[in-house]
Every structure is written in C-alpha cells, then in structure tokens.
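Report on the structure given below.
No experiment lies behind these values; they were computed from the predicted model shown.
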Amino acid sequence: LSLSRLEPLLQVIDPESESGATIFRDNSNNDTKRLIVACRGSANPKNFGTNLKFKLVPATRLSQPTPSGAMVHEGFQDASLGLWKELAKPLLSRIKEEEDVTEII
C-alpha cells in the first residue's frame, strides 16, 4: 500500500474525548474501491488519560454485537462511543457518494 495513493477525505474529532479519526480513499488498486478509517493515536494529555484507563471491562457498550465474554480496554471503549457519534454519518454519506466501495477497513 503506497501512502501516496491514500487520499484523505474527512477528519473528525470527538469534542468530549478529543479522539480523532480520518477517512481515506485508497487509490492503489483499480479493482478494489476501498475506504480506510484510521484512528489517531494519542495527541494530547486527555488522550493519554484515556490510555491509562487500561482495565479490561466487558464489551457491552459497543454498537455492534460482540462475542459472549468479550473484554475491551475501558478507555478505548469509552472514547469509541463519542468518536463513533462523530464518524457514523460522514462515513455512511461517503459510502453513498462513492457508490462503488467494496471494502471498508
């Protein structure tokens, strides 16, 4: 995957957790129309606070069903909820606009 073939389309930030994500279009393969969602790493003290909430907790607050007994990093689960609120509509809109998206990573 060549970085020069990744086209940034949209960036979102959850104002509460200050977590961020960027949606890219991967132009490296003409046969596969791919969107990539990349979540940003720690960029500020608030993000590092999220990292320190590393206790494993039941994955019960995620939007998708999870396997029974699944555990997740408490801080990441908390941050993902706010980030998904910011990301869901723009991502779904972009999927509709692109029309021929075959993969979302």
Open item on the list: Can you confirm whether Leu91 sits close enough to Trp84 that some side-chain heavy atom of one is under 4.5 Å from a side-chain heavy atom of the other?
Closed with: yes
Task: Over all atoms of both residues, closest heavy-atom pair of Thr50 and Ala79 - done: CG2-CB, 4.1 Å
TODO: May I ask you to decide if Pro90's main-chain N or O and Ser93's side chain share a donor-acceptor pair within less than 3.5 Å?
DONE: no
Open item on the list: A side-chain contact here means heavy atoms from C-beta on lying under 4.5 Å apart; do Leu9 and Leu35 qualify?
Closed with: yes
Open item on the list: Can you confirm whether Thr22 sits close enough to Leu10 that some side-chain heavy atom of one is under 4.5 Å from a side-chain heavy atom of the other?
Closed with: no
Task: Thr102 side-chain N/O to Lys33 backbone N/O, donor-acceptor pair under 3.5 Å - done: yes
In a table with atom names and distances, give each donor-acceptor pair under 3.5 Å that connects a side chain of residues 37-49 to protein atoms at least two apart or in another chain.
{"from": "Arg40", "atom 1": "NH2", "to": "Glu18", "atom 2": "O", "distance (Å)": "2.4"}
{"from": "Arg40", "atom 1": "NH2", "to": "Asn47", "atom 2": "OD1", "distance (Å)": "3.0"}
{"from": "Ser42", "atom 1": "OG", "to": "Asn51", "atom 2": "ND2", "distance (Å)": "2.7"}
{"from": "Asn44", "atom 1": "OD1", "to": "Lys46", "atom 2": "N", "distance (Å)": "3.0"}
{"from": "Asn44", "atom 1": "OD1", "to": "Asn47", "atom 2": "N", "distance (Å)": "2.8"}
{"from": "Asn44", "atom 1": "ND2", "to": "Glu18", "atom 2": "OE1", "distance (Å)": "2.9"}
{"from": "Lys46", "atom 1": "NZ", "to": "Glu16", "atom 2": "O", "distance (Å)": "2.6"}
{"from": "Asn47", "atom 1": "OD1", "to": "Ala43", "atom 2": "N", "distance (Å)": "2.9"}
{"from": "Asn47", "atom 1": "ND2", "to": "Ser17", "atom 2": "O", "distance (Å)": "3.4"}
{"from": "Asn47", "atom 1": "ND2", "to": "Glu18", "atom 2": "O", "distance (Å)": "3.2"}

Task: hydrophobic_cluster_shared for Leu56 and Phe76, side chain cutoff 4.5 Å - done: no
TODO: Supply the atom-to-atom distance Asp26 CG to Glu7 CD, rounded to the nearest 0.5 angstrom.
DONE: 10.5 Å
TODO: Answer with yes or no whether the hydrophobic clustering places Leu92 together with Ile104; edges join I, L, V, M, F, W, Y residues whose side-chain heavy atoms lie under 4.5 Å apart.
DONE: yes
- [ ] Could you tell me which residues satisfy side-chain contact (heavy atoms from CB on, under 4.5 Å) with Glu86, sequence neighbours excluded, listed by chain and number?
- [x] Val12, Asp14, Pro15
